[in-house]
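A quick write-up on the structure given underneath.
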Amino acid sequence: MQAGNDIIASVDVTPLLADLNPAQREAVTAGPGPLLVLAGAGSGKTRVLTHRVAWLVGVEGLSPHAILAVTFTNKAAAEMRTRIERMLQHPVSGMWIGTFHGLSHRLLRAHWKEAGLPQGFQILDAEDQHRLIRRVLKGLNLDEGYWPPKQAQWFINGHKEEGRRPQQLPPTADPTQQQLARVYQAYEDTCQRSGVVDFAELLLRAYELLRDNEPLRTHYQGRFRHVLVDEFQDTNRIQYRWLEQFAAAHGNLFVVGDDDQSIYGWRGARVENILRFDRDHPGTRTIRLEQNYRSTGTILKAANHVIAHNSGRLGKELWTAGAEGEPILLYSAYTDLDEARFVVSRIEAWVAQGHPRASTAVLYRSNAQSRVIEEQLIQAGVPYRVYGGLRFFERQEIKDALAYLRLMASRHDDPSFERVCNQPTRGLGTKTLDTLREHAKSGNVSLWESAQKLLAENQLPARAATALKGFLDLIERLANETKGFVLAEQVEHMLSLSGLIEHYKKEKGEKAESRVENLEELISAARGFEHDEADGFDPLAAFLAHAALEAGEGEADAWEDCVQLMSLHSAKGLEFPLVFLTGLEEGLFPHQHSLQEPGRLEEERRLCYVGMTRAREQLVLSHAEVRRLHGQEHYTSPSRFLGEMPDDLIQEVRAAGTVTRSTAPESGAPAAGMRLGGRVRHETFGEGVVLHYEGQGPQARVQVNFESVGTKWLVVGYARLQTL
DNA sequence: GAATGCGAAGGCAGG
DNA sequence: CTTCGCATTC
């Protein structure tokens, strides 16, 4: 390749490669063909991806148009784009950088006809999908008690993630499966009729589009000469095949991932995708990035120990050239409140040392845990920001508003019709709606069409007819009158004409007030919304897609210097000098649901690994002996993950009393009703908490932390302990 | 047809 | 502990 060398020689590649280590450099400068980069946490993964793109464009002279880069989150996509543009020092508009969902959506918008969708198709989020499934179940006369919508949702999404349509389900004699298959089919029909697609459908539909449409496939394969994928360990089966559709012709598939950070098995991710990548793609070059630039040696050592308990890994051990750093701190709290206070006091001390608040993250397994910590932060007057949870575009009032906008864009959107036809109330009751649904179902048309038809044929009672006509006219009027308006004015107009904002203004209470504020915020959001005109669809459609695909930020403004609160899942890819990993308790983390299946437990362990490796300088672990969850008090035992870290790396912090670090029970309980963290009463020592036990039956010994006399080992057979 | 109040059910992670 | 559906009442 004489010519190639000439090109390379003619460009000064020094700045591009200067700050890379040998492994990173090897990945960035690799030739064509499949390449797997096993990138450990903090090993410069994003750097490799962005440098690779810069290399392809800047050195190999590839057009940005020829690059397809896929990520999982919008944030990652945005960051990648920014960094690439900074490196190349000019905008790269022709490059496709986005999430699987975002890019699929783009494809489907561009080729809606070929994909068998109406032009104005709308996107269902998880909640919309849930509601629709409930409707479908009702339509099939299935009792919700017997047929939980959640189960049907799980069934449908699970199959879609595997690429299976209702007709392609494996034959089964199981009546439950058969019934669920019918639900799946009915759901699909409803979606098709209403012109809506759920998240999984975006991917599946885009994949099928390329698979079945040869000219289109050839076109895109010809255009995208290089396909790059971030977080490859989180791809599910359909995403894997989706990628193959693009890369099959040339095999230039550059995937970056870490099997130890695969944490989305519950939504269909297949670790196997990364485990078998080199077998699926002969000639794959595998490059390991094991040097970590983020955390201290202590943190890495502990994290390596934890993850070593998993089986079937590709194998990787992080190391650092940096310092050992501070020991990991462990706080055993009495209660979740105690834990929260501890966290807040450490944060205050940290901030007092001159660190910005934003250098701190509090991580937890489930979003419900944030409340207690938030309350303590508020009390201490420490600004904070919560990621995840209920996000802007998921709020009730915002979804109401969006439903109006969606109907303006697409009349046949049944879920939106159902949502707002009587919101605010305008005299459309159950009866009328039932008639509408019945009629729509039998005629296989949308609610909108069915309403028009029933009105035209005068088949409704006068009152209902007036109300219904009022609604249809309202939507038509909104759509027509606001044509040519700028987006924000469209939204504003809709809010006042529909009576929605008035409706919430009339309501009293703090909640209603914030709803009105949110609706006003929606107008601002619309005003600030920018989209690529080149996408070829109008601003309203783009805005609606944005709302569906990017649920928006949580509370608080991003500007202020504030403590970051988030679930472990949303922490992936981020890093902070000081990290709190809270709620390390059996049943919570690892989560209860994961204890049955070994595979799930390993995923929880990976989640722990992800959490630990977020910390740059200081990692603080904590667990509570008593935790209030869902209104009930639970006595808990420390997470088994704590027992998987070497003792000498951990320093315990304890205000009073001592709690020995204990691992989860390896065998059953020593006596009836006795469990780690459970409360017991002793005749002379009083009440205490079970910390440890050994053996079973009357010879079993238990360690109890008594409130009055501290920790003692007792033999169950003699101590006559009473479980409480 | 709409507002109010009660009881039951759900309860993990996210695009 | 919430939220949501449902029934009762206005």
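Keep in mind that this is a model prediction, so the values were computed, not measured. The figures that follow rest on heavy atoms only: side chains count, while hydrogens, waters and symmetry mates do not. A, B, ... follow the sequence lines: proteins, then strands. Residue 1 opens every chain.
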Tabulate protein N/O versus nucleotide N/O from nucleotides 8-10 of chain C, keeping only pairs under 3.5 Å, one per line.
none

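- The NZ-C1' distance, from A/Lys431 to B/dA2, rounds to 17 Å in whole Å.
- Side-chain contact annotation: A/Asn518 with A/Tyr504, donor-acceptor N/O pair under 3.5 Å absent.
- Looking at residues two or more places apart in sequence or on another chain, you find no salt bridge (charged side-chain N to carboxylate O under 4.0 Å, His left out) involving A/Asp336.
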Just the table, please: protein N/O against nucleotides 7-15 of chain B N/O, every pair under 3.5 Å.
{"unit_1": "B/dG11", "atom_1": "OP1", "unit_2": "A/Lys150", "atom_2": "NZ", "d": "3.2"}
{"unit_1": "B/dG11", "atom_1": "N2", "unit_2": "A/His630", "atom_2": "O", "d": "2.9"}
{"unit_1": "B/dC12", "atom_1": "O4'", "unit_2": "A/His591", "atom_2": "NE2", "d": "3.3"}
{"unit_1": "B/dC12", "atom_1": "O2", "unit_2": "A/Arg365", "atom_2": "NH1", "d": "3.1"}
{"unit_1": "B/dC12", "atom_1": "O2", "unit_2": "A/Arg365", "atom_2": "NH2", "d": "2.5"}
{"unit_1": "B/dA13", "atom_1": "OP1", "unit_2": "A/Asn367", "atom_2": "N", "d": "3.0"}
{"unit_1": "B/dA13", "atom_1": "OP1", "unit_2": "A/Asn367", "atom_2": "ND2", "d": "3.2"}
{"unit_1": "B/dA13", "atom_1": "O4'", "unit_2": "A/Arg365", "atom_2": "NH1", "d": "3.4"}
{"unit_1": "B/dA13", "atom_1": "O4'", "unit_2": "A/His569", "atom_2": "ND1", "d": "3.3"}
{"unit_1": "B/dA13", "atom_1": "N3", "unit_2": "A/Trp266", "atom_2": "NE1", "d": "3.2"}
{"unit_1": "B/dG14", "atom_1": "OP1", "unit_2": "A/Ser567", "atom_2": "OG", "d": "3.1"}
{"unit_1": "B/dG15", "atom_1": "OP2", "unit_2": "A/Arg391", "atom_2": "NH1", "d": "2.7"}
{"unit_1": "B/dG15", "atom_1": "OP2", "unit_2": "A/Arg391", "atom_2": "NH2", "d": "3.1"}
{"unit_1": "B/dG15", "atom_1": "N2", "unit_2": "A/His101", "atom_2": "NE2", "d": "3.3"}
{"unit_1": "B/dG15", "atom_1": "N3", "unit_2": "A/His101", "atom_2": "NE2", "d": "3.4"}

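- The salt bridge (charged side-chain N to carboxylate O under 4.0 Å, His left out) search around A/Glu394 returns A/Arg391, not counting sequence neighbours.
- Partners of A/Glu603 by salt bridge (charged side-chain N to carboxylate O under 4.0 Å, His left out), not counting sequence neighbours, listed by chain and number: A/Arg606.
- Remark: A/His159 pairs with A/Phe155, A/Arg164, A/Leu169, A/Tyr184 by the side chain to side chain contact (heavy atoms under 4.5 Å, CB included) rule, at least two apart or across chains.
- If you find the closest nucleotide of DNA chain C to A/Arg371 and to A/Glu127, the one lying nearer the 5' end belongs to A/Arg371.
- A/Glu208 pairs by the side chain to side chain donor-acceptor pair (under 3.5 Å) definition with A/Arg165, not counting sequence neighbours.
- Residues satisfying the side chain to side chain contact (heavy atoms under 4.5 Å, CB included) criterion with A/Glu502, sequence neighbours excluded, are A/Lys505.
- Remark: A/Asp143 engages no residue in a salt bridge (charged side-chain N to carboxylate O under 4.0 Å, His left out) (not counting sequence neighbours).
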